[in-house]
K.L.:
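This is the structure I have questions about; it appears just below.
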Amino acid sequence: MLFPKHVLILTILLFFMSLTFSAASAGEELSFTTDRPRVEVGVDFNGAAVKFAGRAPEGSQVYVKATGPVRPVNLSKQGKKNFLWLTVESVGVEGMPAFFKVLSSNGFNHLPPDVREETGITGTYDLLMKNARVAVRNEEVKQELVGRDASAYLNALISVNEREGLYGYVEKGIKVHNGEFAGTLYLPANVPYGCINLKVYAVKDGVIVARDSGRIDIGPVGLIRLADQAAEKYSPLYGAASIGVALAAGFAVAQLFKKLNGLLGRQDSFTAGH
Amino acid sequence: MNLYLAVAGMPVNPLIILGLGGIVGMMSGLFGVGGGFLLTPLLMMFGIPPAVAAASDSNQIVAASCSGALAHKRLGNVDIKMGLIFLSGAVAGGTFGTQMVKVLRLLGNYDVTVKLVYVVLLALVGGFMLWESLRASRGLNRHPTKAGAGIKYLMSRLPLQTEFRVSGIRASIVFVVGLGFLVGFLAALLGVGGGFITVPAMIYLLGMPTLVAIGTDLFQIVFTSINVTFQQAVINHSVDVLLAVLLFCGSTIGAQLGARLCRYFRPEQLRVLLAVIVLLVMVKLAMGLVTAPEELITLSGAGGGH
């Protein structure tokens, strides 16, 4: 079978070109792994440090954004009424993630506006606040707050979350060396249960050159899982069990001190008060 | 090492919780009344959410009162008839109080209401105890006060009068049920057993002997705290059984140490000391109500981070 010469040359050229392109795209690839895809909350849980590492294109800076589950939160505002500091307004906040942390190998100011908008990494919490809704709770008609009224609550919530280690921007929290990067994401003890989504971006010369994603699942295990589920889903049974444990403990202590008093030859005395 | 509390949603140092239970238990053993009314604010000071602190305190009161009531029953200090009638009012008051907790939490005024009621009660109980114990130390308590005599007269005019043989008194069932309702309501609202109100009321208003008042109070508190714990678990999901167990372990040991320390004080000296402690707690809580908070906007609602 005859094979035209120019077709053969074109095929060989295409083969080498594809090799070249695949090599180039391999250079732009981003790989990312964590040392623990699942964080278990047990009786000894006191927070966790999740280590991550990977390869990023040569010369790029790495940004990792961790966003936790979105949960409604209630806030109260104190005000002075008749010499007493009382709750003057209660609101519900929806649309704010319960966990939000960004780590980077470089400063956040280096990101151009379009990259900031695309990634949601702005160095502030403005985008989170934009997507949140604040409504007064103790009104029969749900009244949504906007502008400065809403911002006051959202800023307070962000301050609380920052203080508790649930929110934060960590500049230089990622080390990059020879195309390899590594960092640690700290989860405080009160981290919410659920999935934390991880978005990883490699940025070079103001352009996103590669991206990847991952997740960390956080959930209770053992006794904590049992107690948490029982308290929420089987509350009558949990309540009865709590009472049973307390009655058994009270009875056991009464018997113990009765025996101890008997051994010491003393008259029975009453034990714990109330 | 810290221990994670499933319902509170936060880790605590178990030694601190045992210590808190121990301190309060020692006060119980030392002074004969109270403990729970100090424990809830102490737990709040250590970061436990108010609703979890109150509900778990109720749960530990089940254990503590059960232990104490069994000891008193063996000594013949429990008036079961009085206890059961008192209980009927206390169960109704406890159920009503738990519903009120739910409403107050929705309104966002739970914390401040708890503090306000605490301040008033602590001021009344502390003030009365200080006045009464100082009078006792001067030998001036032989005759009933005008207010006490007035209440006794009112009680004798109410319907459904009956004999309470163990207590050796005659009283109106209506009055006893009303007193029970008030105590049950406060127990649910504040997460306390109510002993610091019931025992003085039984002694000064009903005229019961001190030891029978303490024993009967413990007997009925077993049931009221069971009711409050169950209601809190079902309606508010705020009972943390691990926290309650830690508290109880501490309070029983503390109560035994306190009971042994008792021998080194005269009764009126003990009452003066307790009155001073109660009044100090009252002043601290009152200061919190009249001074500006560090932050005007705070998280509200029970439970921890989950």
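Chain letters run A, B, ... following the sequence lines, proteins first, then strands; residues in each count from 1.
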K.L.:
Quick one: what part of A/Leu157 sits under 4.5 Å from any heavy atom of chain B, side chain, backbone, both or neither?
P.N.:
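The side chain, not the backbone.
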K.L.:
Heavy-atom distances under 4.5 Å only: say whether A/Ala152 touches chain B with side chain, backbone, both or neither.
P.N.:
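Both backbone and side chain.
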K.L.:
For a quick check under 3.5 Å, do B/Asp57 and B/Thr40 share a side-chain donor-acceptor pair by atom type?
P.N.:
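Checked: B/Asp57/B/Thr40 side chains pair up, N/O donor to acceptor below 3.5 Å.
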K.L.:
Using non-hydrogen atoms only, which part of B/Ala69 is less than 4.5 Å away from chain A: side chain, backbone, both, or neither?
P.N.:
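Neither part.
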K.L.:
Under a 4.5 Å heavy-atom cut-off, does chain B meet the side chain of A/Pro236, its backbone, both or neither?
P.N.:
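Answer is both: backbone and side chain atoms of A/Pro236 are under 4.5 Å from chain B.
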K.L.:
At what distance, to the nearest 0.5 angstrom, does CG of A/Asn74 lie from OG1 of B/Thr298?
P.N.:
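The OG1 atom of B/Thr298 is 11.0 Å from CG of A/Asn74, to the nearest 0.5 Å.
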K.L.:
Atom CZ of residue position A/Arg215 - does it have more than 12 heavy atoms of other residues, nucleotides or ligands inside 6.0 Å?
P.N.:
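At most 12 heavy atoms, drawn from other residues, nucleotides or ligands, come within 6.0 Å of this atom.
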K.L.:
Between A/Leu75, A/Leu256, A/Leu247, who has the most heavy-atom pairs with chain B when the cutoff is under 4.5 Å?
P.N.:
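The answer is A/Leu75.
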K.L.:
Working note: B/Ile48 + B/Met10, criterion side chain to side chain contact (heavy atoms under 4.5 Å, CB included); need CA distance, chi angles, decisive distance, verdict.
P.N.:
CA-CA 8 Å; B/Ile48 306 287; B/Met10 59 179 283; 4.3 Å; yes
K.L.:
Around atom CZ of A/Phe108, are there more than 12 heavy atoms from other residues, nucleotides or ligands closer than 6.0 Å?
P.N.:
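Counting other residues, nucleotides and ligands, CZ of A/Phe108 exceeds 12 neighbours.
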K.L.:
Please classify the contact between A/Val43 and chain B as side chain, backbone, both or neither, with a heavy-atom cut-off of under 4.5 Å.
P.N.:
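Both parts, heavy atoms under 4.5 Å.
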K.L.:
When only pairs under 4.5 Å are counted, which of B/Ser56, B/Gly215, B/Ala233 shares the most heavy-atom pairs with chain A?
P.N.:
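Maximum pair count with chain A is reached by B/Ala233.
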K.L.:
Nearest 0.5 Å, please: how far is CZ in A/Arg38 from CD1 in A/Ile218?
P.N.:
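A/Ile218 CD1 to A/Arg38 CZ: 9.5 Å, rounded to 0.5 Å.
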K.L.:
Relative to chain A, which of B/Ala244, B/Pro11, B/Pro293 shows the most heavy atom pairs under 4.5 Å?
P.N.:
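Looking at each option in turn, the highest pair count goes to B/Pro293.
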K.L.:
Out of B/Val239, B/Thr229, B/Asp240, B/Asn77, which one racks up the most heavy-atom pairs below 4.5 Å with chain A?
P.N.:
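Among the listed options, the one with the most contacts to chain A is B/Val239.
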K.L.:
Is B/Thr291 in contact with chain A via its backbone, its side chain, both, or neither, using a 4.5 Å heavy-atom distance?
P.N.:
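The backbone, not the side chain.
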K.L.:
Aromatic ring centroids of A/Tyr169 and A/Tyr63 under 6.0 Å?
P.N.:
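No, too far apart.
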